[in-house]
Amino acid sequence: MIKVQWLAPESVADVQDRVQTAIDLEFGTLPPYLYAKMTILPGTNVPAMQRLNGIVGQEMIHMCLACNIMNAIGGTVGINAPKYPGPLPGSIGGGVIIHLLPFSQDAMAQGMAIEEPSEPIDPPTLMRGAAVDTAITIGEYYHLLDQALAALPSSAWLPNNHQIDDAQFFPGQIFAVNSYADAHRAITQIVSEGEGTPVSPSGQGSPLTFENELAHYYRFWEMQRNQVLVKDPNPVGYAWRGALGLDWSQVYPAIADPELHDFSNDSPAAQQVQVQCNAAYSALIDGLISAFRGGTGGLGLAVRAMFDLRMAAIKALATPLADGSVAGPAFIYTPTTSTGVLS
Amino acid sequence: MSILEFPRVYFRGEVAWDPVTTNNYLVGQAPAAYDEIGCDSTLNSARVLSAAQVAGFRQAAINEVGSAGNWNPGGSYRCPFYNTYISGVDLGLGLDRTDAFATAPVGFTGMLVDCEPYGAFSSQLFFDDMSFGIQGGCRIYGKRIMRFNDRFVNFSANPSNNMIAGVASVMWQTGFAKDQGLQIDAFDSNVLQQLQTSMADPDVLGVMVRFVTYRTVYYNDASLTNTSSGPAATALQAQLNAGGFQPNPARSLLVGTVGLWRRGEVMTEASERALIATMATVPGQKPPTARGPVVATAFARATSKGIALDFSNTIPCSNRATDKFDLGTLTLTAADPPPAVAIATIATIDFSKYDRAAFEATSGIIDIPLDSGTINQLAGMNLAITAGGATYLQEDVLRAIPMLPNIYLNQGDSANLVVQVYERGVPASAGVTVTMSDMNATQANGVSLKTNSAGQVSFPLQSTTSEIIGWVFQTGENPTLPVGNAFTPLNFTYTYQRVLPAESDIAQLPPSWSNAYTYVLANWESMAPCMDNWLRLGDEQQVRSYASIIKTLTDPVNFENFRFMPVTRDMSNGQRTLLYNFLNSPYDATTSDSGAATSTANTASSARRSSAEKALPLTPIHQLSRAMRSGPTSD
């Protein structure tokens with residue numbers, strides 16, 4: 001379980017800082033999830049591809065919503081590239097180091113660790129003791145962030161400040177944040193889709209109603225167990241049923257944590273394609289920064305870079321390293337133009 | 001038969017439309033345009049054959065956002081449902097919002113492609129599967145056997161929402177066969193349990209899905225009109241000029257129903273009793289001839305409880321909030337067939353049964369309870385809907401419905417089109433005359449055949465030349481000929497036949513990169529900038545590296561697939577042959593002209609196909625309505 005630190009904010013600037021941590025957290029989940037998804041061999045493990053596509057899409061949406069919150073309270077959005085392996089931004093205690101892992105049970109377990117709620121529901125076939133810990137989960141972080149935003153004066157909210165809505169992408173899921181009510185809605189969406197943890201004592205956001213898409217934690221759990229979680233008339237109401245049909249062998253022979261790999265001993269092609277991956281990743285970051293600072297191209301520049309990253313990754317995963325393995329993108333920010341900016 | 005039977009599942013929500021719109025323009029109508037007969041992108045009326053022209057075409061398309069109303073040159077074709085959920089069910093006991101299936105999300109993404117690019121009556125949604133509910137919970141999961149096709153387009157559904165095609169509503173339908181991947185996970189849902197049980201009935205083929213889309217919004221601004229959209233268009237142009245991927249999807253509301261699909265029922269459009277539009281003027285409004293609101297074709301079917309009326313596409317909206325026009329109390333009447341003149345009032349329908357709230361609650365379906373005697377009596381009578389002295393809908397007793405609403409053929413192919421005739425919603429008997437005629441032509445005579453014992457006729461289709469024909473089907477001995485301006489998609493049944501050119505001369509070209517790009521890929525690259533996301537069609541090495549994927553995605557056997565390429569289905573056999581010959585050829589870096597970017601009409605010039613100079617198509621009547629879809633015209 002990822003634990004994150006919460007320091008009670010004492011100013012608008014402090015709240016902006018906590019929102020930046022939320023942005024970093026959301027962005028930090030993308031490379032490990034993308035790495036796992038990209039390393040699945042084409043045409044295989046369809047149930048996992050579907051689940052990971054859903055999760056990655058929602059993480060992108062969560063990051064956009066967090067950026068909208070930042071702009072709504074007058075902050076400046078930063079897109080900070082994390083290091084892998086390394087702790088998730090904002091996490092404390094050194095308990096979990098996030099790796100870029102090819103599609104595997106370990107990668108799915110890592111996803112569970114990132115998304116684990118404070119009180120996961122245990123289907124009957126997998127009862128576990130409840131963890132006792134005083135540190136907070138990501139969901140709890142958002143709960144406290146929500147309270148901090150609620151406490152801001154109305155003057156702290158700037159309507160229509162570099163907001164990105166669903167006009168082009170993710171219809172119905174990205175919306176402008178112009179007030180605390182909008183921010184609360186955004187946080188509720190983020191938490192319910194991620195951990196699925198109830199965000200209030202009344203239990204709002206129960207993760208296993210099967211009325212809406214399951215929270216990420218439970219989808220990762222399905223993949224890690226290679227079983228399907230289904231509605232059931234047992235006392236808990238849910239059970240493991242049937243195989244998901246994953247084949248862990250149907251993956252590229254990809255190394256973990258390519259940032260740690262020394263590519264100087266590999267072919268020029270392998271080196272070149274890593275440069276292409278990093279260039280696309282950097283353009284993606286630059287595009288996001290531009291978009292959330294009011295750039296003319298909006299989110300479209302970042303989305304194009306994301307597709308470029310996908311194409312470069314496909315090429316990388318088809319380019320052998322010296323030992324016969326392959327490497328997916330290392331997700332290293334390397335500004336390639338003078339206009340590249342870091343927060 | 002049909003979704004009007006019980007049980008029913010209602011759903012509602014929204015859909016985003018993201019088609020590329022540059023192929024809406026006739027050659028000569030705008031600098032970046034499309035020759036829909038030859039399947040060619042054109043720049044200043046010349047075929048796009050080089051990378052320079054591709055760049056010029058793309059820029060011209062961007063410029064047309066402001067100058068010609070081209071609202072989405074950077075589209076992806078993808079059309080996802082969103083905010084869409086199960087809004088209720090009906091087991092025959094009335095609307096139930098407490099069933100365990102209620103509120104489950106509906107998942108669907110299709111690729112929007114018009115069979116006839118200029119026209120407005122042949123839209124299709126190509127897709128792979130559709131899910132009502134999520135895996136692990138109450139769910140209907142259907143694998144596609146036939147794309148969704150639109151029919152009964154009402155361009156006077158909401159005259160207040162006068163931005164491009166915002167005035168329109170459209171009905172879509174397809175079926176999911178129980179023996180071809182349909183999965184019903186009932187759990188504790190009563191409606192799903194009943195549907196599941198019904199699948200054991202040999203008369204049930206699977207489930208049918210029908211939905212209506214309406215109140216389309218462009219530029220994500222529900223307040224825009226054609227005359228006020230300038231700033232939004234300017235902003236979009238700026239985005240497009242900034243580069244990247246810049247889709248501009250429109251959005252519609254939708255309501256729909258899932259029900260049983262029974263044997264004898266056409267999968268692709270409503271085949272129940274048809275109460276067609278009389279084009280009566282709504283009180284206080286302009287007449288339909290002046291773009292006033294139209295009370296549009298509805299469908300009716302007897303149920304175990306009475307009669308069900310599908311008004312999902314019928315009552316026009318009085319404002320942008322989609323409130324319905326109050327026509328007063330409607331009366332459902334029935335009359336014996338002529339020469340009898342007696343008309344019986346069967347039921348009255350007050351406004352609360354067809355207002356916006358009722359429409360959204362039951363997806364426009366209205367149930368009228370009747371005793372069994374009356375139900376049986378209605379089987380042989382002609383139905384109508386009247387109000388305030390006006391007859392808005394009148395039953396069309398004999399309907400000739402094509403089994404395929406849109407047909408793609410390759411030049412030289414032969415095909416037969418089966419048309420099923422219904423008499424008051426059930427398959428007709430032998431001996432009914434069906435006439436097929438071209439909706440555009442001035443021909444005074446169509447092709448007439450008589451139905452067999454199954455109530456069907458089979459028309460042979462010719463495909464000797466590349467063309468697009470809209471075939472209209474009429475029953476009886478005195479059809480309207482020529483159809484001409486009498487055509488309305490609300491009342492006429494029709495099929496579009498698209499014949500792609502053979503282009504055997506292109507197939508014979510040497511499989512060089514230059515030829516592959518010039519004669520195949522340049523056209524595709526110009527019309528669909530979104531392809532840059534997945535594959536740079538002007539990059540020889542990248543195209544070669546994706547050879548196996550390209551061949552799979554363009555293989556005709558995968559024609560119905562969501563990811564079939566090109567999405568527009570506009571690749572001729574000759575082009576496909578040349579492309580595959582190129583992809584199968586060895587790469588020779590010493591001779592390769594990797595610059596499609598510098599591709600000129602060198603080798604191309606001697607082989608330039610005759611179709612490059614072919615005459616531009618005339619503008620038939622069914623194409624005129626394209627102005628409803630794109631164009632900065634006045635309100």
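Residue numbers start from 1 in every chain, and the chains themselves are labelled A, B, ... in the order their sequence lines are given, proteins ahead of strands.
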**Student:** Are there donor-acceptor atom pairs under 3.5 Å between chain B and chain A, and if so which?
**Tutor:**
| unit_1 | atom_1 | unit_2 | atom_2 | d |
| --- | --- | --- | --- | --- |
| B/Q135 | OE1 | A/R51 | NH1 | 3.3 |
| B/Q135 | OE1 | A/R51 | NH2 | 2.6 |
| B/G136 | O | A/K231 | N | 2.7 |
| B/D188 | OD1 | A/K231 | NZ | 3.1 |
| B/N220 | ND2 | A/D166 | OD1 | 3.4 |
| B/Q239 | NE2 | A/Q168 | OE1 | 3.3 |
| B/F245 | N | A/G300 | O | 3.0 |
| B/Q246 | OE1 | A/Q168 | NE2 | 2.8 |
| B/Q246 | NE2 | A/G297 | O | 2.8 |
| B/P247 | O | A/Q168 | NE2 | 3.0 |
| B/R251 | NH1 | A/D166 | OD2 | 3.4 |
| B/R251 | NH2 | A/D166 | O | 2.4 |
| B/R251 | NH2 | A/A167 | O | 3.1 |
| B/N533 | OD1 | A/R304 | NE | 2.6 |
| B/N533 | OD1 | A/R304 | NH2 | 3.1 |
| B/R536 | NH2 | A/D308 | OD1 | 2.5 |

**Student:** Name the option with the most non-hydrogen atom pairs under 4.5 Å to chain A; the candidates are B/A102, B/G107, B/A104, B/P105.
**Tutor:** B/P105
**Student:** Which atoms of B/A16 are under 4.5 Å from chain A, going by heavy atoms: the side chain, the backbone, both sets, or neither?
**Tutor:** side chain
**Student:** Non-hydrogen atoms of chain A under 4.5 Å away: do they reach the side chain of B/L535, the backbone, both or neither?
**Tutor:**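 The backbone, not the side chain.
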**Student:** Are side-chain heavy atoms of B/P247 and A/F169 found at a separation under 4.5 Å?
**Tutor:**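 In contact.
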**Student:** Based on non-hydrogen pairs under 4.5 Å, which of B/G133, B/A238, B/G136 is most in contact with chain A?
**Tutor:** B/G136
**Student:** Relative to each other, are the rings of B/F245 and A/F307 parallel, tilted or perpendicular (30° and 60° limits)?
**Tutor:** perpendicular
**Student:** With a 4.5 angstrom heavy-atom cut-off, could you sort out which part of A/L299 is near chain B: side chain, backbone, both or neither?
**Tutor:**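 When you check distances to chain B, no heavy atom of A/L299 falls under 4.5 Å.
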**Student:** Taking side chain as C-beta onward, heavy atoms only, is A/P171 less than 4.5 Å from B/P249?
**Tutor:** no
